[in-house]
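Data first, discussion second: the structure below is written as structure tokens.
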Amino acid sequence: MNAYSEIKQLAKTLSLSNLHNNTDTALRFSLNRTNEDFLLEILKGELAYREERSRAHRFKQAFLPAVKTLSDFDTAFQSGITKPQLDTLAKLTWIDSLHNLIFLGPPGTGKTHLALALSNHALNAGYKVFFASMDRLTHILKTAEISKHSRVRLSYAQTCNLLVIDEFGYLPLSRTEANLFFQLVSKLHDSASIIITSNKGFDAWPAVFGDSVIVTALLDRITHRCEVISLSGDSYRLAHRSSVFS
Ligand code: ADP
Ligand code: MG
């Protein structure tokens, strides 16, 4: 085996995937470089490759239904959150301090946009995120015992830094569903942040759960470290709807 083939082989054995995939580029780079520069470049390239792979993996596991960014959010249109508040959220320290965010408001006011944009931002910053509509999360919780797919999703949700529950309260929960949801929130209380988006104010939550005792216990946990952001005003969709007739 010549040196070139051996480099490729060893790079593979040592899981130096960047060097394995780009051996020619690495060798070309070595020309006219000092040994230190060359070695440094190899190591940096390997690190960048690994970081990008794990970023892509985090995005895949997060199941974001769309890409939204914080810079796309127009705070002039939405008076429920200011630009300085959005900038504070963008620092993501609320995830480190296990604070939860609850976005409340009528349809089209940007609840899902903000949840998605913060998820996107957190994923890029290296946090593990799991995004699900309440409907999907309920399905996962209910089928975890019989479905491997749900079990895998649930265990990912339980180990992430940020769990996003979108569209909470659209559908009422059965007693079993309410209990499973409560157990999940309790479990995450000391390990993860939660974002909940809902078009229902807290006063309407007992009707969603069909039980005010569980709601009291749930809100006690969720609001222990929490920011409630009430969005209001007109639907951004309606205000910016596109028309077939111009
Ligand atoms: P909600 O979840 O509150 O029903 P969405 O977040 O889905 O509303 O917003 C509906 C659409 O309007 C989305 O395409 C979203 O990107 C956009 N949107 C809502 N509010 C804003 C805003 N303040 N700035 C920019 N886009 C917005
Ligand atoms: Mg929404």
May I ask you to check whether Y127 and H121 place their ring centres under 6.0 Å from each other?
-> no
Donor-acceptor pair, side chain of S150 and main chain of I146, under 3.5 angstrom | no
Flag yes if L137 and I195 sit in one hydrophobic cluster, no otherwise; membership is Ile, Leu, Val, Met, Phe, Trp, Tyr, and two members link when side-chain heavy atoms are under 4.5 Å apart.
-> no
Charged N to carboxylate O under 4.0 angstrom, R55 versus E52?
-> yes
Can you check whether I194's main-chain N or O pairs, donor with acceptor, with N100's side chain at less than 3.5 Å?
-> yes
With distance as the sole criterion, is a donor-acceptor pair present between the side chains of H149 and S147 under 3.5 Å?
-> no
Give a yes or no answer on whether the side chain of N22 reaches the backbone of T25 with a donor-acceptor pair at less than 3.5 Å.
-> no
Stepwise, does the side-chain hydrogen bond (donor to acceptor under 3.5 Å, both in side chains) test hold for S97 with R225?
-> CA-CA 8 Å; S97 59; R225 298 174 297 260; over 6 Å; no
Does a donor on one side chain sit under 3.5 Å from an acceptor on the other, for T176 and N179?
-> no
Hey, is the main chain of H20 close enough, under 3.5 Å, to the side chain of K8 for a donor-acceptor pair?
-> yes
Nearest 0.5 Å, what's the CD1-CG distance between I165 and L184?
-> 6.5 Å
Would R50 and S54 count as a side-chain hydrogen bond (donor to acceptor under 3.5 Å, both in side chains) if you check the C-alpha gap in whole Å, the side-chain angles of each, and the deciding distance to 0.1 Å?
-> CA-CA 6 Å; R50 281 183 196 188; S54 90; over 6 Å; no
Verify, without hydrogens or angle tests, whether T34 (side chain) and D37 (backbone) share a donor-acceptor contact under 3.5 angstrom.
-> yes
Indicate yes or no: at least one non-hydrogen side-chain atom of S186 is less than 4.5 angstrom from one of R221.
-> yes
Using atom types as modelled and distance alone, determine if a side-chain donor or acceptor of Q78 lies under 3.5 Å from a backbone N or O of T75.
-> no
Using modelled atom types only, decide if a donor and an acceptor are shared between the side chain of K200 and the backbone of G105 within a distance under 3.5 Å.
-> no
Only residue of I102, L86, L89, L104 satisfying side chain to side chain contact (heavy atoms under 4.5 Å, CB included) with I229 is L89
Reported CG-to-CD1 distance for the pair L118 and I95, which is rounded to 0.5 angstrom | 7.5 Å
Considering only NZ, NE, NH1 and NH2 on the basic side and carboxylate oxygens on the acidic side, decide whether D87 and K83 come within less than 4.0 Å.
-> yes
On the 0 to 90° scale, with breaks at 30° and 60°, tag the F168-F209 ring pair as parallel, tilted or perpendicular.
-> tilted
For residues L116 and P65, determine if any side-chain heavy atom of one lies less than 4.5 Å from a side-chain heavy atom of the other.
-> yes
Apply side-chain hydrogen bond (donor to acceptor under 3.5 Å, both in side chains) to the pair T69 and D72, showing each step before the final yes or no.
-> CA-CA 5 Å; T69 62; D72 285 347; 3.0 Å; yes
Point-to-point distance, once rounded to the nearest 0.5 Å, from CG of L173 to CZ of F182 = 13.5 Å
More than 12 non-hydrogen atoms from neighbouring residues, nucleotides or ligands closer than 6.0 Å to CG on D190, yes or no?
-> yes
Is H139 reaching over with its side chain to a backbone N or O of M134, donor-acceptor style, under 3.5 angstrom?
-> no
Interatomic spacing from CG in D24 to CZ in F29 - rounded to 0.5 Å | 15.0 Å
Exercise: do D166 and T112 side chains pair donor with acceptor under 3.5 Å | yes
Without swapping roles, check the side chain of E46 against the backbone of S17 for a donor-acceptor pair under 3.5 Å.
-> yes
Think K68 forms a cation-pi with F73, using NZ or CZ under 6.0 Å from the six-ring centre and within 45 degrees of its axis?
-> no
Does T109 use its side chain to pair, donor to acceptor, with the backbone of S235 at less than 3.5 Å?
-> no
What pairs meet the salt bridge (Lys or Arg N to Asp or Glu O under 4.0 Å) rule with one or both residues in residues 131-160, with sequence neighbours excluded?
-> K142-E177
To the nearest 0.5 Å, tell me how far L219 CG sits from W205 CH2.
-> 5.5 Å
Would you please classify the geometry between the F77 ring and the Y236 ring as parallel, tilted or perpendicular, with 30° and 60° separating the classes?
-> perpendicular
Here the gap from L19 atom CG to K12 atom NZ, rounded to the nearest 0.5 Å, amounts to 13.5 Å
